[in-house]
Q: 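Once you've had a glance at the structure underneath, I'll fire off some questions.
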Protein chains: 2
Amino acid sequence: MEGRIERIKKQLHSASYKLTPQREATLRVLLENEEDHLSAEDVYLLVKEKSPEIGLATVYRTLELLNELNVVDKINFGDGVSRYDLRQEGATHFHHHLVCIECGAVDEIKEDLLEDVEEIVERDWKFKVKDHRLTFHGICYRCHESEDDKETKKKAD
Amino acid sequence: MEGRIERIKKQLHSASYKLTPQREATLRVLLENEEDHLSAEDVYLLVKEKSPEIGLATVYRTLELLNELNVVDKINFGDGVSRYDLRQEGATHFHHHLVCIECGAVDEIKEDLLEDVEEIVERDWKFKVKDHRLTFHGICYRCHESEDDKETKKKAD
DNA sequence: ATAGTTGCAAACCGTTTGCAATTTA
DNA sequence: TAAATTGCAAACGGTTTGCAACTAT
């Protein structure tokens with residue numbers, strides 16, 4: 001993780017930004033919660049645990065900065081809140097999401113899956129794809145199982 | 001178009017809502033701008049041209065209602081604004097979008113394109129897909145053309 | 001030294017809501 | 001006529017911004 005922070009530090013510097021303690025603290029929170037999809041407020045509260053002096057505005061500014069540098073992706077699942085998702089190092093494309101309409105869980109798909117579709121889009125629509133956002137809405141395996149259990153019980157009776 | 005309004009009216013009634021003049025005016029604006037991706041404010045201004053008494057809150061309430069009834073889809077391209085997109089009659093799935101990062105244009109793809117991907121998601125992630133959101137970010141054919149011109153001029157880089 | 005950065009509070013802006021008046025089925 | 005709907009204005013909530021003090025390089 002230190003290495004990753006070091007590399008992001010270089011990225012900041014090469015764009016003539018500084019790695020302040022606040023920015024580093026924010027980055028660490030993002031790295032420690034890589035699987036989650038935190039809102040700015042979420043990040044703020046987590047950073048505050050270790051750096052209580054930090055201000056919400058700074059978190060917003062840091063997240064915006066990291067978004068510009070493509071370190072994080074800003075995503076929006078339709079509730080009025082932006083969420084911030086760490087990009088995998090070296091990833092050229094954004095990963096996909098599965099949003100469960102039962103329990104609200106958000107799972108990630110890191111495989112590409114869209115290669116063929118992008119090819120079609122580039123060819124048929126003459127659209128040069130730079131990135132994509134793909135989210136499926138449906139029922140996750142966890143909710144699916146409990147649903148199955150109910151069925152099984154019913155049948156057993 | 002009258003037929004379509006008639007059908008939506010029935011849909012409203014069957015959920016015990018009324019088709020008020022304001023709602024009808026809003027619907028007409030949506031039908032007349034089917035290809036666009038209007039924000040609530042956009043819709044409001046357009047409705048106002050023909051029904052100047054209408055209030056912004058009513059437009060919001062109507063759009064929310066139509067979203068509930070699956071007549072429109074509420075979408076979000078990452079700017080802080082919700083946009084409302086008329087669903088094709090009988091469509092089970094949401095269509096896709098191409099957002100140009102040069103000029104901001106939003107084009108639509110009505111083909112499904114995701115059948116194979118959904119099959120994989122259902123099989124490998126045990127996720128029952130109900131709907132999806134797919135947006136490509138990149139350069140549209142219009143900007144692509146002018147970009148080509150620049151490249152030719154600039155040459156190296 | 002100085003350009004960049006911070007925290008605070010106020011401003012912003014899209015959206016929602018309470019309410020009294022009005023309208024629809 | 002009763003329940004639904006409207007317009008208005010005020011409230012809301014996430015995000016941005018102006019500014020004086022501060023800090024990393």
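Proteins get letters first, then strands, A, B, ... in listed order; numbering begins at 1 in each.
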Q: Given atom CD of A:Glu41 and atom P of D:dG13, what is their separation to the nearest angstrom?
A: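 From A:Glu41 CD to D:dG13 P: 11 Å.
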Q: Looking only at the side chain of B:Ala40 (C-beta and beyond, no hydrogens), which of the listed nucleotides C:dT15, D:dT23, D:dT15 gets closest?
A: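 The listed nucleotide nearest to B:Ala40's side chain is C:dT15.
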Q: Counting the atoms with a prime plus P, OP1 and OP2 as sugar-phosphate, which does B:Pro52 contact under 4.0 Å by heavy atoms, base, sugar-phosphate, or nothing?
A: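 Nothing: the residue B:Pro52, judged by heavy atoms under 4.0 Å, touches no strand.
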Q: Compare side-chain N and O positions of B:Gln22 against OP1 and OP2 of C:dT24 and report whether any pair is under 4.0 Å apart.
A: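 Negative; the distance criterion is not met.
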Q: Are OP1 or OP2 of D:dA24 and a side-chain N or O of A:Arg23 less than 4.0 angstrom apart?
A: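 The answer is no; no side-chain N or O of A:Arg23 sits under 4.0 Å from OP1 or OP2.
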Q: If you compare every side-chain N and O of B:Thr20 against the phosphate oxygens of C:dT24 (OP1, OP2), does one of them come in below 4.0 Å?
A: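 The answer is no; no side-chain N or O of B:Thr20 sits under 4.0 Å from OP1 or OP2.
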Q: Could you tell me how far apart B:Leu56 (CG) and D:dA10 (C1') are, to the nearest whole angstrom?
A: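 In whole Å, D:dA10 C1' and B:Leu56 CG are 14 Å from each other.
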Q: Contact class for A:Arg61 (heavy atom, under 4.0 Å): base, sugar-phosphate, or nothing?
A: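 The answer is base, as A:Arg61 lies within the cut-off (heavy atoms under 4.0 Å) of a base atom.
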Q: Check the phosphate of C:dT15 against B:Ser82, side-chain N and O only, distance under 4.0 Å to OP1 or OP2. Yes or no?
A: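 Answer yes for this pair, as a side-chain N or O of B:Ser82 is under 4.0 Å from OP1 or OP2.
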Q: Taking B:Glu24 first and then B:Arg28, would you say they form a salt bridge - that is, a charged N and a carboxylate O separated by under 4.0 Å?
A: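 Between B:Arg28 and B:Glu24 there is a salt bridge, with a charged N closer than 4.0 Å to a carboxylate O.
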Q: In whole angstrom, what separates A:Ile54's CD1 from C:dC8's P?
A: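 Roughly 10 Å, once rounded to whole Å.
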Q: Between atom CG in A:Leu65 and atom P in D:dT15, what is the gap in whole Å?
A: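 Distance check: A:Leu65 CG to D:dT15 P gives 17 Å.
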Q: Parallel, tilted or perpendicular for A:His96 and A:His132, by the 30°/60° rule?
A: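 Tilted.
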Q: Can you check whether A:Asn33 reaches A:Val43 side chain to side chain, under 4.5 Å on heavy atoms?
A: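 A:Asn33 does not reach A:Val43 side chain to side chain.
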Q: Mind calculating the distance between NZ (A:Lys48) and P (C:dT6) to the nearest angstrom?
A: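 Atom NZ in A:Lys48 sits about 16 Å away from atom P in C:dT6.
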Q: Taking atom P of D:dT5 as reference, at what distance in whole Å does atom CG of B:Leu66 sit?
A: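 Nearest whole value for this atom pair: 12 Å.
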Q: Output the rounded distance in Å from CZ (A:Arg83) to P (D:dG14).
A: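 Going from CZ in A:Arg83 over to P in D:dG14 covers 10 Å.
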Q: Which nucleotide in the set D:dT15, C:dT5, C:dT15 lies at the smallest distance from any side-chain heavy atom of B:Tyr60?
A: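 Selected nucleotide (nearest to the side chain): C:dT15.
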Q: Do any pairs count as a side chain to side chain donor-acceptor pair (under 3.5 Å) and have a residue in residues 81-90 of chain A, sequence neighbours left out, and if so which ones?
A: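 Residue pairs with at least one partner in residues 81-90 of chain A: A:Arg7-A:Glu89, A:His37-A:Asp85, A:Asp73-A:Arg87, A:Asp79-A:Arg83, A:Asp85-A:His95, A:Asp85-A:His97, A:Arg87-A:Asp131.
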Q: Output the single nucleotide from C:dT5, C:dT17, C:dA25 whose closest atom is nearest the side chain of A:Lys18.
A: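 Given the options C:dT5, C:dT17, C:dA25, the side chain of A:Lys18 is closest to C:dT5.
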Q: What side chain to side chain donor-acceptor pair (under 3.5 Å) pairs are there with at least one residue in residues 40-64 of chain A, not counting sequence neighbours?
A: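 As it turns out, the side chain to side chain donor-acceptor pair (under 3.5 Å) pairs with a partner in residues 40-64 of chain A, which skip direct neighbours, are A:Ser39-A:Asp42, A:Tyr44-A:Lys48.
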Q: Expressed in angstrom and rounded to an integer, what is the separation of A:His13 atom NE2 from C:dA3 atom P?
A: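 It works out to 17 Å between those atoms.
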Q: Between B:Ser16 and D:dA4, does any side-chain N or O lie under 4.0 Å from OP1 or OP2?
A: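 No, because none of the side-chain N or O atoms of B:Ser16 sits under 4.0 Å from OP1 or OP2 of D:dA4.
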Q: Within the structure shown, what part of the strands sits under 4.0 Å from B:Glu53 by heavy-atom distance: base, sugar-phosphate, or nothing?
A: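 Here B:Glu53 touches the backbone only, sparing every base.
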Q: Check every atom of C:dT15, D:dT25, C:dG7 against the side chain of A:Thr58 and return the nucleotide holding the closest atom.
A: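 It is C:dG7.
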Q: Would you mind reporting whether B:Val71 and B:Leu86 have side-chain heavy atoms less than 4.5 Å apart?
A: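 Answer yes - side chains close enough.
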Q: If each of B:Lys9 and B:Glu64 is mapped to the nucleotide of DNA chain C with the nearest heavy atom, which maps nearer the 5' terminus, i.e. the 5' end?
A: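 Comparing both residues, the 5'-ward one is B:Glu64.
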Q: Across the strands shown, which category fits B:Ser39 at heavy-atom distances under 4.0 angstrom: base, sugar-phosphate, nothing?
A: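 The residue B:Ser39 makes no contact with any strand.
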